[in-house]
**Q** 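If you scroll down you'll find the structure; I have some questions about it.
Throughout, a chain's letter reflects where its sequence line sits, starting with A, and its residues are numbered from 1.
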Amino acid sequence: MITLDAVTKMYPKSRRPALDDISVQVEKGEFVFFIGPSGSGKSTFIKLLLREEVPTQGKVWIAGKDLAAIRSWKVPQLRRSIGCVFQDFRLLPNKTAAENVAFALEVIGKTRPVIRRIVPEVLSLVGLEGKENRYPNELSGGEQQRVAVARAFVNRPLVLLADEPTGNLDPDTSIEIMRLLDRINRTGTTVVMVTHDANIVNQMRRRVVELDRGRVVRDQNRGVYG
Amino acid sequence: MITLDAVTKMYPKSRRPALDDISVQVEKGEFVFFIGPSGSGKSTFIKLLLREEVPTQGKVWIAGKDLAAIRSWKVPQLRRSIGCVFQDFRLLPNKTAAENVAFALEVIGKTRPVIRRIVPEVLSLVGLEGKENRYPNELSGGEQQRVAVARAFVNRPLVLLADEPTGNLDPDTSIEIMRLLDRINRTGTTVVMVTHDANIVNQMRRRVVELDRGRVVRDQNRGVYG
Amino acid sequence: MRAKFVLSEAATGLWRNVTMTIAMIITTAISLALLGAGGLLYVQIQETKDLLRNKVEVMVFLKDDASPQDKKALEEKFRDDSLVRDFEFESREQAHERFKELFKHSPDFVAGVSKQALPESYRVRLKNPGDYSALADEYKSEKGVSRVSSQQETVSQLFAMIDAIKNTTFIVAVMQAVAALLLMANTIQVAAYSRRREVSIMKLVGASNWYVRLPFVLEAAIAGLIGALLAWLGLVVAKVMLIDKALKPIFTSGLIPVIEWSDIMMTGPILAMVAIVVAGVTGWSTLRFYVKV
Amino acid sequence: MRAKFVLSEAATGLWRNVTMTIAMIITTAISLALLGAGGLLYVQIQETKDLLRNKVEVMVFLKDDASPQDKKALEEKFRDDSLVRDFEFESREQAHERFKELFKHSPDFVAGVSKQALPESYRVRLKNPGDYSALADEYKSEKGVSRVSSQQETVSQLFAMIDAIKNTTFIVAVMQAVAALLLMANTIQVAAYSRRREVSIMKLVGASNWYVRLPFVLEAAIAGLIGALLAWLGLVVAKVMLIDKALKPIFTSGLIPVIEWSDIMMTGPILAMVAIVVAGVTGWSTLRFYVKV
Ligand SMILES: Nc1ncnc2c1ncn2[C@@H]1O[C@H](COP(=O)(O)OP(=O)(O)OP(=O)(O)O)[C@@H](O)[C@H]1O
Ligand SMILES: Nc1ncnc2c1ncn2[C@@H]1O[C@H](COP(=O)(O)OP(=O)(O)OP(=O)(O)O)[C@@H](O)[C@H]1O
Ligand SMILES: [Mg+2]
Ligand SMILES: [Mg+2]
């Protein structure tokens, strides 16, 4: 599903590459944890998959498509098949929670009635019933994060990328979200999750890829955090 | 040092209060964890102390001053005696990491030479040497969080408020930051820290205040997370 | 993509960025009002010139002793002449009347000029006002003719002056057009700039360029349209207040044609079109500039 | 607070929000250029009016048979008259010369008027142009006087026309001033709006109002100053290109005074001051509006 072949990413301003000659393969339907210290390149990995950044060297394939070869006007199509929880949420500040989630559906051309049915369902799945009409700045950190999670999976993407989806959540809510991701994964969605939460990784016992200073230092099936 | 007396905070749009008749007292030099599920009012508590929000009912005192009685042009003075790590970092996007930290010093009137000496020291304390001249959007999530931490304590405030200062950090870096906060606390600074990280709370064994739906449900010296 | 969605996006966008919207509307209104005023002025002056061109006459003065035969011969010659559009005989009385009328603001001179001092003349209007010196050459030595006033110097001086004013208004109108474009484009760019984060998020969620830009372009166009409407209302008010009231003495002199309601009406759609085109083009192209993702 | 810090904050602010800065400069430049042009025009017309006022003369025409004694008596009366500033005798020859000069654009009429047709006269300039009818009453039945041309109607019509133009330019200038203010304030408000998050963060970190606003106000003032400079350069270019070249024919007629370099020069500091004051006041007051914390 996802293949990185000898990918290096060098940001203009930094001295050492954020990703350094990385090759990773994720199969369809897999659930992979990406762990590693702060600044080790996890978010960069996700940005490459979304084509928010392009690799300095190497190639990235998603669902058999070489991202470097995709025409720029086809990029939106690619992104619609990928759901993403961003580390900094990236909610639209001018839209309410419900509108933020609805936006991901409007983009793929769902009709209003469908949207009006699905959005509240999904928001209540992440525990936000009653807060549909709040703007992001009227929600707590964890609530914003849950809106981001809801938006990422509402359109049933092929691949779900989650960058610290539980960073602002208490353990109980985190477990709820993890159950949700697990269920989504069982329906065949490939899930890539970046996390610092050792408890979650240890409990789930899935494949763990550990990065350090832009290199893969561990790639283990049914791994633990540390 | 900090006293809340029967404080209720009701946001315009919500049905139930974010803080509901809360009375808490924090002594000078104390180290207090605030824990609780997402949306339980922890960040609201911090916003009240900074006078970013004002209580709907009740009174808040910091260092003997009634916040409601402070004139609005004296509010900056209050804030200069409080360091704060915001949950969403709130770094100035147009300033580099070093400039963001320097800003907190410029505000209290430190001279350029002093600033030029202190800032790099503090940034290397949080593990960001070599990244002084990056803008926030050129830093990883964890790195931004560490800039926020550095800015919060660089001017040696009386009170340090930290809203999830380790939410985006891996366990090792988290422990570094906790050591730092502990050291700062030992110099006499009152530290209030909001966190979801059970491991940290359990290791530190300090006072724990647990909120749930805006009420204090537990207030325990040398407490644990769950 | 559904029109309804795009429109509602545009409407909420306008409402939620009230500051930007108001800025956009005010700027557009002011710019377009200037542009419209410049354009009207230019058209005005062009019309003045045309009016004057048609007033150009060659005067063929007769000797005091010109006989009726001489006059008949002249009239026949005029009739056959391909340069002449029409002509008119002016008796001494008529000449004096006209003289009094023309110089009514200088009654002292009129008083000093007796009827007999003014000669009889033919007033000849040309098909093409440029031909006056040709005509003068043709008739100046005819029998009974004392002198042909070609008005050449007068006319060319007058036209030089009007051309100068016309060029100036043209330059002013063009400068105001440039200013209007700059201001509108400027405001739209700032609006786009202030949205760059929002737009980049939309694109990361998979929104196509159309999806992101169309509501924005529509917003700019709607704001532009409202601005154009205001500008046009401004011109209408100016017509009522200034042209029809304050400037009346100028227009009653008859030299300058009145700015008609039809002219003012016509500017409406033109301004609206300018607003929409500028908003559309700038809006569409500028967003790309600020959002690279 | 140290000036150096505030200045460097302002400079980096300008540089990092290039889009806003450029928008601010362009808007200010255009607005102020319009304002300057409107102001110059107004002053111009006022000057025209003054020029004309001083040209107002009462003409006392003499009978053909007026004797030298009559003239002497009149001259003495003029000299003693408190209404009269000065006076001048005009012989038939002078009258004819002046007639030819005045109507040189209508040589056909000049040709028809003989020297003898024009009467002798005294041309009297008044201390106060408003007194012309009083003077006319006083002299019209003196011995040797045929008629006193009070020019009343002429003058009042002319002045009405000029007043109309003056009022119009005044209204236009005021409208442009309002437009300039609106545009500038608008742009500064948008700049403030686009900074509201940044400013709220600064305030949460303990920055005082001075600290947050002063750099911003300075930025606006600097941008305004650059804009004023550009506007002034624009006026200089307009002086060279339009007034001194294209409009030459108008000014050589002598009726309208030339816009002098000194006028243009003076607009510079005025525009700069307007820019700074508007930027300062709007900048200072507007930030509060968008940032409540
Ligand atoms: N736009 C950028 N310009 C320059 N350097 C960058 C940029 N974005 C990221 N970096 C650097 O690249 C490295 C990897 O960043 P990345 O965001 O991938 O880290 P991460 O693993 O997500 O860290 P965290 O857990 O803290 O979020 C970091 O050192 C960061 O400073
Ligand atoms: N500006 C606002 N307007 C309306 N409701 C708000 C606003 N800010 C916060 N709330 C609500 O108040 C409650 C408490 O919010 P707060 O941010 O204090 O939670 P929190 O304990 O910090 O949660 P988290 O751990 O998720 O950050 C939440 O239910 C939130 O939706
Ligand atoms: Mg990251
Ligand atoms: Mg919070």
Side-chain angles (χ1 to χ4, degrees), chain B residues 43 46-54 71-96 99-115 135-137 147-148 150-159 161 163, chain D residues 1-24 187-188 190-220 222-223 283-293:
Chain B
S43 298
I46 291 203
K47 284 176 186 164
L48 289 181
L49 297 183
L50 275 173
R51 212 171 182 268
E52 190 184 345
E53 299 282 354
V54 287
R71 297 285 203 67
S72 71
W73 61 269
K74 280 212 165 181
V75 169
Q77 225 161 310
L78 164 79
R79 287 180 181 156
R80 281 175 219 163
S81 65
I82 304 176
C84 186
V85 185
F86 299 93
Q87 194 170 9
D88 51 357
F89 313 156
R90 305 216 186 162
L91 301 176
L92 294 166
N94 289 331
K95 290 184 184 289
T96 63
E99 287 168 351
N100 262 289
V101 176
F103 191 77
L105 292 173
E106 278 157 0
V107 153
I108 58 168
K110 287 271 186 263
T111 59
R112 288 257 151 144
V114 174
I115 292 174
Y135 290 99
N137 68 344
V147 177
R151 182 181 62 185
F153 75 78
V154 69
N155 58 356
R156 315 209 146 271
L158 275 175
V159 181
L161 309 175
D163 199 348
Chain D
M1 192 163 25
R2 281 140 302 133
K4 209 172 143 196
F5 171 74
V6 170
L7 272 174
S8 85
E9 281 286 290
T12 54
L14 281 173
W15 180 242
R16 281 180 195 157
N17 295 303
V18 202
T19 309
M20 276 310 315
T21 306
I22 292 175
M24 214 130 78
T187 317
I188 292 173
V190 168
Y193 174 77
S194 75
R195 288 225 189 161
R196 61 199 187 289
R197 194 181 137 78
E198 193 185 340
V199 168
S200 83
I201 294 175
M202 287 184 176
K203 294 193 77 175
L204 280 178
V205 178
S208 63
N209 280 338
W210 273 94
Y211 214 79
V212 170
R213 288 191 202 162
L214 207 60
F216 176 76
V217 168
L218 264 182
E219 273 177 56
I222 293 173
W284 186 262
S285 54
T286 207
L287 265 184
R288 177 167 50 198
F289 186 75
Y290 290 117
V291 183
K292 263 142 214 162
V293 167

**Q** Which heavy atom of B:Arg80 sits nearest a heavy atom of D:Ala207, and at what distance?
**A**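 In this case the closest contact between B:Arg80 and D:Ala207 is NH2-C, 4.5 Å.
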**Q** If I take atom CZ from residue B:Arg79 and atom CE from residue D:Met202, how far apart are they, to the nearest 0.5 angstrom?
**A**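 The CE atom of D:Met202 is 14.0 Å from CZ of B:Arg79, to the nearest 0.5 Å.
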**Q** Heavy-atom distance under 4.5 Å to chain D: side chain of B:Glu53, backbone, both or neither?
**A**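 Answer is neither: B:Glu53 stays 4.5 Å or more from chain D.
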**Q** List the residues meeting ring pair (Phe, Tyr, Trp, His ring centres under 6.0 Å) with D:Tyr193, not counting sequence neighbours, and say none if there are none.
**A**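 Expected list: D:Tyr290.
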**Q** Could you tell me the separation between the CZ atom of D:Arg195 and the CG atom of B:Leu92, rounded to the nearest 0.5 Å?
**A**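 These two atoms lie 10.5 Å from each other.
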**Q** Given side chains that start at C-beta, do those of D:Glu198 and B:Lys95 come closer than 4.5 Å, heavy atoms only?
**A**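 No, too far: nothing below the 4.5 Å cut-off.
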**Q** Counting only non-hydrogen atoms closer than 4.5 Å, does B:Phe89 touch chain D with its backbone (N, CA, C, O), its side chain (CB onward), both, or neither?
**A**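 Neither part; nothing is under 4.5 Å.
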**Q** Indicate yes or no: at least one non-hydrogen side-chain atom of D:Leu204 is less than 4.5 angstrom from one of B:Phe86.
**A**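 Heavy-atom side-chain distance check passes, below 4.5 Å.
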**Q** Is B:Leu78 in contact with chain D via its backbone, its side chain, both, or neither, using a 4.5 Å heavy-atom distance?
**A**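 B:Leu78 has no heavy atom closer than 4.5 Å to chain D.
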**Q** Contact between B:Val107 and D:Tyr211 at the side-chain level, heavy atoms closer than 4.5 Å - yes or no?
**A**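 With C-beta onward as the side chain, the pair touches.
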**Q** Measure the CG-CD1 distance between B:Asn94 and D:Ile201 for me, rounded to the nearest 0.5 Å.
**A**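 Rounded to the nearest 0.5 Å, the CG-CD1 separation comes out at 10.0 Å.
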